[in-house]
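The figures here come from the full heavy-atom set of this structure, side chains too, leaving out hydrogens, waters and symmetry mates. Since we're looking at a predicted model, the values are computed, not measured. Sequential numbering from 1 along the given sequence is applied to the chain's residues.
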Amino acid sequence: MSKALSFRKSSSRAAKFAAVAALSLALAATVSPAAQAASLGASGSKGLKHNVLTVSNGTRYVQIDGKTVDFRTVVRDLAWSPDGNKAVFVDGSSNLVVSDADGSNRVTVAKNPGGQNWNHPTWQAIAAVPEAESPARNSIVFVARTNGVSRLLSIPVTAVQGEPRELHPSAGPGEAPLPQTGNIWPNSGGRNGATVYANTGDGTVYIQDNYLRSQTSEVTKGSQPAVSPGGEDVVFVRSVKGHDHLFVKARGAKAPKDLTPNATTDYTQPTFSPDGRTIAARTPKGIVTLPVSGAAKPVVVTSRVGLPAYRG
């Protein structure tokens with residue numbers, strides 16, 4: 001065989017390989033969420049990492065560390081247990097559900113009675129205090145909106161179609177009463193189950209300290225708050241010159257710090273990473289992350305738009 005003929009055959013094979021590779025890339029780029037989820041196989045929770053970013057968008061498909069996982073039911077406002085082993089969310093019937101990390105072994109913790117909008121659950125874990133004979137408690141705190149009025153509710157994570165109870169924030173001795181309605185966007189963190197939330201009536205972020213007894217105090221003006229895993233820092237949203245900025249305030253600090261002072265887009269729905277060093281937030285172009293210190297600008301880490309959360 002001549003060298004020229006051998007070269008032509010090699011070139012032909014290379015061209016075929018290149019065409020196949022190009023077709024494969026094109027197919028991968030257009031693969032549907034369902035196909036991506038199916039590609040994970042039946043590995044379940046064992047195939048999913050801890051300490052990673054997740055994004056839910058009101059469909060049955062949840063992005064976990066860049067992978068699409070089919071929960072096989074609508075997932076709204078996904079949150080995680082502190083150890084990351086359990087997911088909590090509101091399903092398509094507005095019921096409160098707890099499941100494994102891949103959506104399996106679902107349990108309806110509370111069934112919506114109808115006429116209510118349930119949203120934004122958070123897993124509240126309060127450590128035991130043996131010297132005070134106070135046992136460990138794990139609850140789901142969430143929002144119930146009825147006839148346009150929002151209230152905070154709570155229910156044990158072990159309940160099965162249980163009855164949630166209303167939470168009544170209380171201030172310290174001698175302080176003015178706190179608003180009981182209009183409370184939304186709860187988020188818990190820390191060993192003592194510190195829970196932050198926002199009030200739509202006065203535009204204020206509050207923090208509820210649950211060490212031995214529950215006591216609530218004002219943090220600052222803002223919305224959509226999240227508390228760090230250690231319970232020391234609070235990140236929240238505040239509008240500045242036409243854009244939603246991210247602010248962080250350490251407990252005891254006099255003033256919050258603007259993490260996005262030069263914002264040209266809206267940063268919303270912030271959340272802390274498990275180590276408390278990073279904040280993820282939603283933008284119109286996807287999810288960004290940035291250091292809590294504010295030492296670097298936000299960086300887009302996924303183009304998927306939805307509610308960011310971290311699996312611990």
With a 3.5 Å cut-off and no angle check, do the side chains of R277 and S293 form a donor-acceptor pair?
no
Between G193 and I126 the two heavy atoms that sit nearest each other are CA-CG1, 3.9 Å
Between the side chains of D258 and H245, does any donor sit under 3.5 Å from an acceptor?
yes
Pair K221-T204, side-chain donor/acceptor within less than 3.5 Å
yes
Short side-chain to backbone donor-acceptor contact, K285 and V300, under 3.5 Å
no
Does the side chain of T302 come under 3.5 Å of the side chain of Q63 through a donor N or O and an acceptor N or O?
yes
Please identify which of these residues, R151, H168, E166, meets the side chain to side chain donor-acceptor pair (under 3.5 Å) condition with Q180.
H168
Taking T260 for its side chain and A263 for its backbone only, find out whether a donor-acceptor pair lies under 3.5 Å.
no
Can you confirm whether the side chains of N105 and D100 place a donor and an acceptor under 3.5 Å from each other?
yes
When rounded to the nearest 0.5 angstrom, what is the spacing between CD1 in I279 and OG in S273?
8.5 Å
May I have the step-by-step check of side chain to side chain donor-acceptor pair (under 3.5 Å) for T268 and D266, ending in yes or no?
CA-CA 6 Å; T268 60; D266 291 326; over 6 Å; no
Check the pair T108 / Q161 against side chain to side chain donor-acceptor pair (under 3.5 Å), numbers first and verdict last.
CA-CA 6 Å; T108 300; Q161 296 195 21; 5.1 Å; no
Any donor-acceptor pair under 3.5 Å from R72 side chain to D70 backbone:
yes
For N199 and G203, indicate whether the former's side chain and the latter's backbone hold a donor-acceptor pair under 3.5 Å.
no
Does NZ or CZ of R76 come closer than 6.0 Å to the centre of the six-membered ring of F89, within 45° of the ring's axis?
no
Test your reading of the model: is there a side-chain donor-acceptor pair from N183 to the backbone of P179, 3.5 Å cut-off?
yes
Any donor-acceptor pair under 3.5 Å linking the side-chain atoms of S228 with those of D233?
no
Side chains of T59 and N57 only: does a donor on one sit below 3.5 Å from an acceptor on the other?
yes
Do you know the tightest heavy-atom contact between R238 and P256?
NH2-CG, 4.0 Å
If every non-hydrogen atom of N187 is compared with every non-hydrogen atom of T122, which pair is closest and at what distance?
CA-OG1, 3.6 Å
Do the side-chain N and O atoms of W123 and N138 include a donor-acceptor pair separated by under 3.5 angstrom?
yes
